[in-house]
Amino acid sequence: MAVREETLRRYAELVADDPREFRVHGSVYTDPDLFDAELRAIFERTWVYVGHESEVPAPGDYKTVLVGTQPLIVTRHEDGRLYALYNRCRHRGAVVCRQERGHSNFFRCRYHNWVYANNGDLIGMAQSTGYPDDFDRSRYGLTPVPRFENYRGLLFVSLAPEGPSFAEHIAPVRRYIEYWLGRSPAEAVEVSLPPHRYEYPGNWKLQAENGTDGYHGNYVHLSWQRVLALAREATVEESQHYRQSGSARGLAGGHGLLERPGSLNPNSSWTARMMHRYPDYDAAMRRRFTDEELMQISARRNIFVFPNLFLFETHFRVIVPKAVDRTEVALYVYALKDVPEAINQGRFRGHERFFGPAGFGTPDDIEIFTEVQTGVRARGQEWLLLNRGQHRERVEDGEWVGHTTDEAPQRALYRQWRRLMADA
Amino acid sequence: MPALSVADAERFLYAEARLLDERRFEEWEALFTDDAVYWLPIDPALDPAQAVAIIYDDRKRLHERVYRLTRTPVLDQNPPSRTLRLVSNVEVTPGADGEAAVDCRQLIAEMRPGGPGQQGLNAPRLFAAHCHYRLRHADGAWKIVLKKVVLLTADEPQYNLSFIP
Ligand code: FES
Ligand SMILES: [Fe+2]
């Protein structure tokens with residue numbers, strides 16, 4: 001026990017929350033034991049996103065996911081309710097479902113043919129005379145995860161029975177999620193398409209840090225800015241000016257966001273441009289929201305929900321840690337509900353242009369992740385600097401607010417990381 | 001209009017593969033008609049208008065792709081990919097209006113060379129694909145109206161597909 005506490009204390013010391021020089025030790029990307037500790041202390045304790053309810057719309061629909069490295073099934077039972085179950089036969093441990101998604105009236109284990117209902121109940125056993133008459137099947141259903149929440153269609157699980165409630169976990173970022181949903185006048189999104197997926201030889205936190213990093217754009221995405229200039233959508237100067245506007249925010253709980261200011265001017269925000277172009281959308285949005293709310297809704301944000309989810313304008317981005325130096329990322333493009341079809345089609349084509357393994361932006365980001373993963377093996381100086389903008393950061397409503405290129409969201413991420421790693 | 005024989009189709013596909021392997025992307029782009037589509041689906045059964053693909057380029061987007069690779073400071077193709085494409089199982093189906101459909105299988109070996117210990121570099125990768133082309137005869141030459149590449153691993157996670165599969 002003493003050894004274990006000592007190890008955890010050592011992990012906590014890998015984040016130096018120094019008011020002038022916030023630092024993180026490079027071994028957070030490279031130490032395989034630390035990765036195992038992260039699975040226990042973070043992915044198997046806090047609240048982890050597992051999907052959107054629209055991915056399993058009808059009774060019998062299911063999807064399988066990894067939480068950390070544990071296989072789960074998210075399923076809709078004939079009673080219409082959703083269940084999150086460990087994908088593990090209660091007999092001798094085989095998975096009961098192999099597909100990524102699908103539809104089935106039951107889950108049959110292929111080893112000895114035990115059969116489970118979509119809510120996990122054990123409803124059939126092969127050659128059951130081999131068990132006594134009083135064998136109590138009700139005790140051997142698929143195990144539900146300890147905690148499962150449906151927050152406005154977004155599904156989260158916690159594999160720990162105790163710990164902060166979902167409401168506490170989500171509170172710091174909640175209003176931003178509501179604004180994000182507000183681009184749909186029904187305040188709802190729908191996921192029905194298979195995701196873009198990429199995998200890179202690097203640590204999962206490289207993706208977690210990067211999605212709210214407003215500092216890299218003018219360098220890593222100069223190539224993208226040149227494409228926009230070719231298409232006469234924006235000059236490189238305009239793109240770079242845009243990337244100076246707004247703010248970067250670190251939130252309690254490890255969440256964070258990168259934010260561009262909202263606007264009701266069609267030239268200055270996507271939402272206003274769509275309202276201008278589609279009168280039906282304009283009418284629906286104005287019926288639903290005040291101008292003040294529309295200002296917030298039209299702000300463009302990359303929202304990080306600790307530890308494995310980003311909400312982007314076009315997609316849910318889900319981080320799946322595979323090993324200390326291997327990460328899978330899935331981009332689930334969603335449709336905004338109750339908007340003109342042309343709006344969603346435009347969003348799909350726009351998404352493909354920048355994102356995914358053959359987009360004009362994503363591969364450049366991935367390239368950088370591999371460069372960091374390679375570079376941190378050089379250990380002459382082992383600390384990474386995450387102190388950009390500490391001197392000019394302000395605290396508003398419990399949020400650390402910085403210039404759009406500052407590292408406030410990354411500091412928030414590592415503060416939460418340290419907290420969880422310290423008391424695992 | 002001349003009929004497209006299997007030998008003609010092979011000659012065309014080999015020449016296309018050579019242009020890509022030799023990174024002559026602008027010449028490759030010139031093989032496409034103005035109304036062409038270059039498509040790498042995630043799920044080929046889905047209507048591309050309603051779905052998200054890995055690539056769904058119209059001619060303008062295709063030009064952007066080639067421009068990005070050849071004229072902008074890309075990171076993901078610097079160092080560039082070496083590729084080596086094998087084309088086989090060529091089948092031709094004659095079509096109407098000066099068009100022909102060509103199906104083939106391709107095996108693309110890819111590798112990005114780099115310094116020692118560099119994550120993501122120096123690692124050969126193999127991509128197997130079923131390819132479907134629609135070719136149109138115009139101005140004395142066959143041109144590509146549709147190039148659809150269905151990777152064996154289309155719905156699997158991919159690391160960097162920016163070399164033009
Ligand atoms: S392991 Fe599932 S029935 Fe035996
Ligand atoms: Fe980026």
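Residue numbers begin at 1 in each chain, while the letters A, B, ... track the order of the sequences. Values reported hereafter were calculated over all heavy atoms of this structure, with side chains retained and with hydrogens, waters and symmetry mates removed.
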For [X], which atoms come within 4.5 Å of any heavy atom of chain A: side chain, backbone, both, or neither?
| X | result |
| --- | --- |
| B/D58 | neither |
| B/Y56 | both |
| B/I54 | both |
| B/Q77 | neither |

Can you measure from [atom1] ([X]) to [atom2] ([Y]) and round to the nearest 0.5 angstrom?
| X | Y | atom1 | atom2 | answer |
| --- | --- | --- | --- | --- |
| A/F348 | B/Q50 | CZ | CD | 7.5 Å |
| A/R226 | B/E64 | CZ | CD | 13.5 Å |
| A/L230 | B/H63 | CG | NE2 | 5.0 Å |
| A/D364 | B/T72 | CG | OG1 | 7.5 Å |
| B/Y159 | A/E328 | OH | CD | 15.5 Å |
| B/Q119 | A/R326 | CD | CZ | 11.5 Å |

Apply side-chain contact (heavy atoms from CB on, under 4.5 Å) to residues B/V74 and A/E367 and explain how you reach the verdict.
CA-CA 10 Å; B/V74 285; A/E367 185 76 4; over 6 Å; no
For A/V220, is it the side chain, the backbone, both, or neither that has a heavy atom closer than 4.5 Å to a heavy atom of chain B?
both
What part of A/E371 gets closer than 4.5 Å to chain B, counting heavy atoms only: side chain, backbone, both or neither?
neither
Sort out for me which of A/G359, A/P201, A/G356 touches chain B most, counting heavy-atom pairs under 4.5 Å.
A/P201
Per-residue tally against chain B (heavy atom, under 4.5 Å) across A/H221, A/E199, A/Q225 peaks at A/E199
Tell me whether the count of non-hydrogen atoms from other residues, nucleotides or ligands lying under 6.0 Å of [atom1] in [X] goes above 12.
| X | atom1 | result |
| --- | --- | --- |
| A/H241 | NE2 | no |
| A/Y215 | OH | no |
| A/K322 | NZ | yes |
| A/R98 | CZ | no |
| B/D139 | CG | no |
| B/R24 | CZ | yes |

Give me the atom names and distance for the closest heavy-atom approach of [X] to [Y].
| X | Y | result |
| --- | --- | --- |
| B/A49 | A/Q345 | O-CG, 3.5 Å |
| B/A51 | A/R349 | O-NH2, 2.9 Å |
| A/A358 | B/L161 | CB-O, 3.8 Å |

Do B/D43 and A/P194 touch side chain to side chain, with heavy atoms closer than 4.5 Å?
yes
Please confirm whether the backbone N or O of B/D155 pairs with a side-chain atom of A/R197, one donor and one acceptor, at under 3.5 Å?
yes
Does the A/H196 side chain pair with the main chain of B/A53, one donor and one acceptor, at a distance under 3.5 Å?
yes
As an exercise: rank [options] by heavy-atom pairs under 4.5 Å with chain A and give me the winner.
| options | result |
| --- | --- |
| B/V52, B/N160, B/I42 | B/V52 |
| B/K60, B/Q118, B/R71 | B/Q118 |
| B/P73, B/P165, B/A123, B/P48 | B/P73 |

Run through A/I366, A/D365, A/I368, A/L222 and flag the one making a side-chain contact (heavy atoms from CB on, under 4.5 Å) with B/L75.
A/I368
